[in-house]
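As C-alpha cells, the structure follows; a few thoughts come after it.
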Amino acid sequence: MDKTVLVSGAAGFLGSHLCDLFISKNYKVIGIDNLVTGDLKNISHLKKNINFKFEKIDITTDFEINEKIDFILHFASPASPIDYLKIPLETMRVGSLGTENILKIALENNATILIASTSEVYGDPLEHPQKESYYGNVNPIGPRGVYDEAKRFQEALTTAYHTFHGLDIRIARIFNTYGPRMRVNDGRALPSFICQALKNESLTVFGDGNQSRSFCYVDDLMEGVYKLLKSNYSKPINLGNPDEITINDFANEIIHLSKNDCKIIYNPLPINDPLKRKPDISKAIQILDWKPLTSRKEGLEKTFKYFKSILK
C-alpha cells in the first residue's frame, strides 16, 4: 500500500505496537520519539525494514517531516504517574505545544490524525461505567492534573482544528492497556505486580485494594485503533475492556500465575487516584464493530512470559 503513517511516541509501549501493526499492513511508517520515556529496543526489530524509518524528534520544538504523510497516530506523551510526576512541565508541553505541531503537520498534508487520549480525562469518575458523554471529575491542580488536563486540552485543541480547519480527526480514549514492552519500572499496578511476583517479593497495593480497573490486552487495543482510524467518526470513543476487577483480586491473579507464595502489603492511596475505572464501549461496538477478544487469563500469560524473559 502506497500510504505513509507518522507515529509519534513510536518507541513507547503503544507506539511500537502501532509501528508493527502498520508495517504488517504494508504501510510505510515514520516513527518519531524524543526517547525520554521510549526505548529504541521496542523498535529495534524494525531497524532493517525498508518500510520503516525512525527519527529522534522532540515534538515540542520546531521540526519538519519532509515526506507526504497520509495518516498520523499521535501517541507521544509520558503515560505513567511515575513519569509525569517527575516531568510535569514536559508532560503539559507535549499535550499542548507538541499536539499543535503535530496538528499543523496533519493540516499541511491533509492527513487523517488519530490522537491517543485517555480514560484519565474522566478523573475519579462519579459516573460508572464511563460513557463518552461524561465530562469527568478532574482536579486541575492535583498531582495528576498535569497529565489529565494535558489530555483534555489535547482533545479540545484537536477538535478546534476539526471545527475551524476541517481537519479529519479521530479521538481514542484509551483505558488501561497491558502487554509485552511495558516497562519494568513503569510504576503502574500490572508491571509492578508481575515483577514483584517473579522476584517472589510482596506485592504493593495502594489503598485498600478495593478500587477497580479494567485491563485491555494490547493486541485488542491495536485492532480498535485501526478500526477507529479507518472509520469516519470524529468524536471521542472509548477503547478498553469492560471486564472490571478489583486491585486485590488482580494481585491474587498475578500471585497465582507466578506460582510463588507472595504476600500483599498495603500503602496509602495516592491523591486523586481513581477508585473506579470501567469503559462503556457501546459506541465502539456499534460504530466500529469492535470489542476486545483476549481474555485476561490469556493476556496475562503472554505478558508474564515477556517479563520473565527480560528479567532473567
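A quick note: this is a predicted structure, and the numbers were derived from the prediction, not measured.
By the 4.0 Å N-to-carboxylate-O rule, K53 lies close enough to E67 to be salt-bridged with it. Between K131 and E127, no side-chain nitrogen of the basic residue sits less than 4.0 Å from a carboxylate oxygen of the acidic one, so the salt-bridge criterion is not met.
The two residues C19 and A10 come nearest to each other via the heavy atoms SG-CB, 3.8 Å.
You'll find the ring centres of F206 and Y266 outside the 6.0 Å limit.
For the pair I113/R170, no side-chain contact is recorded, criterion being any heavy-atom separation below 4.5 Å from C-beta on. Within the 4.5 Å cutoff, the side chain of F175 has no heavy atoms near those of the L239 side chain.
Side-chain contact of D124 with N272: a donor-acceptor pair under 3.5 Å is absent, judged by distance alone. A donor-acceptor pair shorter than 3.5 Å can be found between the side chains of N238 and Y122. No side-chain N or O of Q130 forms a donor-acceptor pair with one of S119 less than 3.5 Å apart. Between the side chains of D168 and H162, no donor N or O sits under 3.5 Å from an acceptor N or O. Side chain to side chain, N241 and S214 fail the donor-acceptor criterion of an N or O pair below 3.5 Å. D280 and S282 share a donor-acceptor pair across their side chains, judged by distance under 3.5 Å alone.
How far CZ of F63 is from CG of D58: 9.0 Å, rounded to the nearest 0.5 Å.
Residue pairs that meet the ring-ring contact (aromatic ring centres under 6.0 Å, His included) test with at least one member in residues 268-301, sequence neighbours left out, do not exist here.
Formation of a donor-acceptor pair under 3.5 Å by the K68 side chain with backbone atoms of N109 is found in this model.
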Next on the checklist: Run Y226 and F22 through ring-ring contact (aromatic ring centres under 6.0 Å, His included) and show every step you take.
Outcome noted: CA-CA 9 Å; Y226 185 76; F22 283 90; 5.6 Å; yes
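Taking the six-membered ring where tryptophan is involved, the planes of Y84 and Y147 are essentially parallel, since the angle between them stays under 30° and well short of 60°. Ring geometry, H165 versus Y161: the interplanar angle falls from 30° to 60°, so the pair is classed tilted.
Between E120 and the choices K151, R152, R277, R173, the salt bridge (charged side-chain N to carboxylate O under 4.0 Å, His left out) rule is met once, by R277.
For the pair K47 and F54, the cation does not sit on the ring face, since its NZ or CZ is not both under 6.0 Å from the ring centre and inside 45° of the axis.
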